[in-house]
2 protein chains.
Amino acid sequence: MSIAALVPVFAALGDETRWSILTALGEGEASASALAERLPVTRQAIAKHLAVLQQAGLVEPVRAGRELRFRVLGAQLSDTARRLDRIGAEWDRRLAAIKEIAESL
Amino acid sequence: MSIAALVPVFAALGDETRWSILTALGEGEASASALAERLPVTRQAIAKHLAVLQQAGLVEPVRAGRELRFRVLGAQLSDTARRLDRIGAEWDRRLAAIKEIAESL
DNA sequence: CTTTAATGCAACTCTATGGTTGCAATATCC
DNA sequence: GGATATTGCAACCATAGAGTTGCATTAAAG
């Protein structure tokens with residue numbers, strides 16, 4: 001449950017092209033070749049991005065005949081969101097406590 | 001409220017050093033110089049990271065005498081988390097619907 | 001007003017990575 | 001089984017960015 005495990009996920013989400021891939025996959029599974037037809041980058045570039053996304057646990061490969069489709073994993077996103085929220089809340093809680101103490105002096 | 005606006009935030013969160021800065025700030029405001037004393041990088045490197053974090057709306061500068069302290073903004077994190085969660089849920093919802101249809105054939 | 005501690009700015013290095021082209025390998029479908 | 005579509009791998013280029021050192025600037029504090 002360390003923050004370190006989250007870093008690759010955020011790094012993966014910190015790229016415009018990867019978001020276009022993710023949102024495209026959000027409408028249904030697709031292969032790298034299929035994605036290359038509707039995005040302005042080559043299939044090979046997309047394949048690299050998919051590898052990054054898979055490493056981050058954001059997508060999952062699914063064999064479908066002779067093509068390799070990818071499915072987006074919304075649950076991983078929601079999971080990350082929950083942890084983010086907790087961290088942010090903790091920061092604000094702690095800083096508010098410090099302010100309390102400072103004002104009581 | 002587009003996804004594009006989120007990308008810089010994730011890019012900012014996709015770096016180990018910036019997370020050590022953020023967690024350090026989570027314990028209380030601090031200046032770049034102060035942070036440099038407890039992290040294994042130079043003050044100038046930290047200053048650059050703080051600029052990135054400020055651009056992403058994750059920290060805020062606060063003048064305190066002759067030093068420039070930075071305060072972490074947990075609310076921005078929680079906000080981002082809420083949006084992430086909604087996106088993930090939407091993906092799963094849509095893919096589940098597609099599966100429904102496929103199975104009903 | 002002078003000392004001094006803090007920040008700001010600039011130039012530079014090095015590596016990671018997003019992107020490309022080209023070709024090999026695979027496996028499906030007829 | 002052979003033609004063809006799809007994926008996999010490798011080399012390569014260019015740029016962004018994480019980090020450094022060095023110096024200028026600013027403004028408290030005495």
Side-chain angles (χ1 to χ4, degrees), chain A residues 3-25 27-73, chain B residues 3-25 27-73:
Chain A
I3 290 177
L6 286 179
V7 175
V9 179
F10 291 125
L13 294 176
D15 181 88
E16 294 269 9
T17 304
R18 278 195 286 268
W19 270 103
S20 14
I21 292 175
L22 286 174
T23 55
L25 291 181
E27 294 168 10
E29 302 176 357
S31 68
S33 302
L35 289 168
E37 282 171 12
R38 47 144 119 185
L39 293 181
V41 285
T42 62
R43 172 186 63 86
Q44 288 85 337
I46 291 181
K48 283 191 197 174
H49 284 306
L50 285 171
V52 173
L53 291 169
Q54 184 178 348
Q55 200 69 19
L58 289 166
V59 315
E60 189 183 48
V62 183
R63 268 244 161 267
R66 71 176 157 194
E67 65 184 340
L68 185 62
R69 300 232 185 98
F70 285 83
R71 166 190 304 151
V72 81
L73 298 175
Chain B
I3 289 177
L6 286 178
V7 175
V9 179
F10 292 125
L13 294 176
D15 181 90
E16 294 269 8
T17 305
R18 277 194 287 266
W19 270 104
S20 16
I21 292 175
L22 286 174
T23 54
L25 291 181
E27 293 167 11
E29 301 176 359
S31 68
S33 303
L35 289 168
E37 282 171 13
R38 48 142 117 186
L39 293 181
V41 285
T42 61
R43 173 186 62 86
Q44 287 86 337
I46 291 181
K48 283 192 199 174
H49 284 307
L50 286 170
V52 173
L53 291 169
Q54 183 179 348
Q55 200 69 18
L58 289 167
V59 323
E60 189 182 50
V62 182
R63 269 246 161 265
R66 71 175 154 192
E67 65 183 341
L68 186 62
R69 300 234 184 97
F70 285 83
R71 166 192 303 152
V72 82
L73 297 175

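Just so we're on the same page: letters track the sequence lines, and every chain starts at 1.
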Which atoms form the tightest heavy-atom contact between [X] and [Y], and what is the distance?
{"X": "A/Leu35", "Y": "A/Ala24", "answer": "CD2-CB, 3.7 Å"}
{"X": "B/Leu25", "Y": "B/Ala30", "answer": "CD2-N, 3.7 Å"}
{"X": "A/Ala12", "Y": "A/Ala56", "answer": "CB-CB, 3.9 Å"}
{"X": "B/Trp19", "Y": "A/Val7", "answer": "CD1-CG2, 3.6 Å"}

Could you tell me how far apart [X] ([atom1]) and [N] ([atom2]) are, to the nearest whole angstrom?
{"X": "A/Leu68", "N": "D/dC9", "atom1": "CG", "atom2": "P", "value": "11 Å"}
{"X": "B/Gln55", "N": "D/dA18", "atom1": "CD", "atom2": "C1'", "value": "17 Å"}
{"X": "A/Arg18", "N": "C/dG18", "atom1": "CZ", "atom2": "C1'", "value": "8 Å"}
{"X": "A/Asp15", "N": "D/dG17", "atom1": "CG", "atom2": "P", "value": "11 Å"}
{"X": "B/Glu37", "N": "C/dA5", "atom1": "CD", "atom2": "P", "value": "12 Å"}
{"X": "B/Phe70", "N": "C/dA6", "atom1": "CZ", "atom2": "P", "value": "15 Å"}
{"X": "B/Glu16", "N": "C/dT15", "atom1": "CD", "atom2": "C1'", "value": "16 Å"}

Is A/Thr17 close enough to C/dG19 that one of its side-chain N or O atoms is under 4.0 Å from OP1 or OP2 there?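 For C/dG19, OP1/OP2 do have a side-chain N/O of A/Thr17 under 4.0 Å.
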
Please list, for nucleotides 26-30 of chain C, all pairs of protein and nucleotide N/O atoms separated by less than 3.5 Å.
residue	atom	partner	partner atom	Å
C/dT28	O2	A/Arg66	NH1	3.4

Suppose the criterion is salt bridge (Lys or Arg N to Asp or Glu O under 4.0 Å): which pairs have a residue in residues 38-59 of chain B, not counting sequence neighbours?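 Every pair satisfying salt bridge (Lys or Arg N to Asp or Glu O under 4.0 Å) with a residue in residues 38-59 of chain B: B/Glu27-B/Arg38.
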
Please collect all salt bridge (Lys or Arg N to Asp or Glu O under 4.0 Å) contacts where either partner lies in residues 10-23 of chain A, sequence neighbours excluded, each pair once. none

Can you check side chain to side chain contact (heavy atoms under 4.5 Å, CB included) on B/Leu53 and B/Val72, steps first, answer last? CA-CA 9 Å; B/Leu53 291 169; B/Val72 82; over 6 Å; no

Go through residues 41-54 of chain A and report each residue with a non-hydrogen atom lying under 4.0 Å from DNA chain D, sorted by number. A/Arg43, A/Gln44

NA contact type, A/Arg69, heavy-atom cut-off 4.0 Å: base, sugar-phosphate, or nothing?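 Counting heavy atoms under 4.0 Å across all strands, no contact is made by A/Arg69.
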
All pairs passing side chain to side chain donor-acceptor pair (under 3.5 Å) where residues 51-61 of chain B contributes a residue, at least two apart: B/Glu60-B/Arg71

Applying side chain to side chain contact (heavy atoms under 4.5 Å, CB included), name anything that partners B/Leu39, two or more places apart in sequence or on another chain. B/Ser20, B/Ile21, B/Val41, B/Ile46

